[in-house]
Protein chains: 2
Amino acid sequence: MSEPEKRDSGDRGTATAEKPRLDRQRILEAGAAFIEQFGPRHLSMRRLGTQLGVEAMSLYRYVPSRENLLDGIVEVVIDDLYKDPEVYSEPRHGWQDYLLRLAHGLRRLALAHPQVFPLIATRPTEAPWVRPPLRSLRWVESFLKALTSAGFSDQAAVDAYRAFSSFLLGHLLLEVAAMGADVGPVDEAEPRPPKSTDLNGYPLLQRLQERLSEDRSEQEFEEALESLLDRLEALQA
Amino acid sequence: MSEPEKRDSGDRGTATAEKPRLDRQRILEAGAAFIEQFGPRHLSMRRLGTQLGVEAMSLYRYVPSRENLLDGIVEVVIDDLYKDPEVYSEPRHGWQDYLLRLAHGLRRLALAHPQVFPLIATRPTEAPWVRPPLRSLRWVESFLKALTSAGFSDQAAVDAYRAFSSFLLGHLLLEVAAMGADVGPVDEAEPRPPKSTDLNGYPLLQRLQERLSEDRSEQEFEEALESLLDRLEALQA
DNA sequence: ACCTGAACACCGTTCAAGT
DNA sequence: ACCTGAACACCGTTCAAGT
């Protein structure tokens, strides 16, 4: 009780700091942080081990493989969606409000984790009809409940679910890609040279290059989302 | 002239067959075929070399790196779009017809190369405003030309380009993923166990599972595309 | 000119061994 | 119970050497 917690070795000055102890959750969180910092391509069992002050082989006590590690990281990050106080898992002010909140919550999540989001969007899911970026039985159930309760037929609710997933996937993937995220493999070693593309022979690209480079992602998202909701409204019984 | 083309060694029965000779185009095509057969994760310089009856090191005479190889494969596959006789690079029957043909051409391409498409969708492009799945200055120019010529303002043409890319990316990525494609890393070694997910506690998923598993991708695509065109029509000056 | 062997610095993963 | 050292079968990439 009275003994201060200090071992004879003191702090050994390992890679990042003296970390408390290994467990699955800590490994997954460290993995997410690693990917956000260096990109998914740089995540190796060995480097993650070093980051945690441990040999790579120790990770296998908690994580059966690198693939499973990546799946776990995706889960850990997507868990934030359940914690987002602005996102409801069942509608409180109508289905449109529910969908708007869900869409905005996912967008916040993507922007907060631009390097991890491509994994959320592209890792295989447990069943083919569990579509990214929703990815979990729980959210699909929640989605279908919200819409059928609001008067959508079974088929209309399923169609809405598909349209909603495609919409989010396309928009958010392109948005994080534009942030320079690691959508697929990338080299962050080279910070992307200015790369002044040669636009000779492309008069419209020359004329519109400034407009093309403007960041209109927020307006884009809001307008497309609104248009999607209008379309879904037409599906309602 | 009279000599039959046969060397003293005869056919040595290498990996796939006695291939003519190495050059970049042949390597890229073999790479595309390899990915379509085994998935991107299994493509290594060494295995591709073997497939071509050559040591891995020989590839480096034509391809500076694996990254460059992947980029080249994407280009080779997307070149099919230029060869598609149903896709016009400039409008012949109005901008809607042009966009419909372009969208359908890309969908055909995705369905013909389900394993390569995720690379088309996720590899970094040469400029951030060159968005997948269009990916090339030439097509972006073509797109913007078609719309501005049809009376779209510069800003409206750019907005339409963005909406069109997001739409295609979301739909086609989810469609090939549902085909079991390698959207991100995957193990094709295991042919995906039946994986009868436990739906206890998810009453709607239970009730809707059949509907959720139905393939409605074509109708989905057509309806969403039509709705997109309606939306773009409203942007026109 | 074109391909290869050997080498380097990495991987993921297993397993007997240490504490 | 938890971590490690050594080993295996792979990687991508370089380069001097072979034909």
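You'll find that the side chain of Met45(A) is closest to dG12(C), out of dG5(D), dG12(C), dC3(C). When distances are taken from the side chain of Tyr62(A) to each of dG12(C), dC2(D), dC11(D), the shortest belongs to dC2(D). For Arg66(B), the listed nucleotide lying nearest its side chain is dG12(D); candidates were dA6(D), dG12(D), dC11(C). Closest contact between the side chain of Ser44(A) and the listed nucleotides dC11(C), dC2(C), dC11(D) involves dC11(C). Looking at the side chain of Tyr60(A), the nearest of the listed nucleotides dT4(D), dT4(C), dT13(C) is dT13(C). When each of dT4(C), dG5(D), dC11(D) is scored by its nearest atom to the side-chain atoms of Arg46(B), the top-ranked nucleotide is dC11(D).
If you take CG of Leu59(B) and P of dG12(D), they are 10 Å apart, rounded to a whole angstrom. Here dC10(D) presents its C1' atom at 13 Å from CZ of Arg41(B), a figure rounded to the nearest Å. Rounded to whole angstrom, the span from the CD1 atom of Ile27(B) across to the P atom of dG12(D) amounts to 14 Å. Remark: C1' of dC11(D) and CD of Glu67(B) are 13 Å apart, rounded to the nearest angstrom. As rounded to whole Å, 14 Å separates atom C1' of dA9(C) from atom NE2 of His42(A). For Glu55(B) and dC11(D), the CD to P distance is 13 Å, given to the nearest whole Å.
Residues Arg61(A) and Leu43(A) both approach DNA chain C. Their nearest nucleotides, taken by heavy-atom distance, put Leu43(A) toward the 5′ side.
OP1 or OP2 of dC2(C) has not a single side-chain nitrogen or oxygen of Ser58(B) nearer than 4.0 Å.
For Glu126(B) and Arg135(B), the salt-bridge test fails: no basic side-chain N is under 4.0 Å from an acidic carboxylate O. In summary, Arg46(A) and Glu55(A) do not engage in a salt bridge, as defined by a charged side-chain N under 4.0 Å from a carboxylate O.
Closest of all the heavy-atom pairs between Val130(B) and Thr125(B) is O-OG1, 2.7 Å.
Base-pair partner of dA9(C): not found among the strands shown (Watson-Crick or G-U wobble, both distances under 3.5 Å).
Taking the side chain as every heavy atom from C-beta outward, Arg107(A) and Glu175(A) approach each other to under 4.5 Å. When side chains are defined from C-beta on, Thr197(A) does not count as touching Leu205(A), because their heavy atoms never get closer than 4.5 Å.
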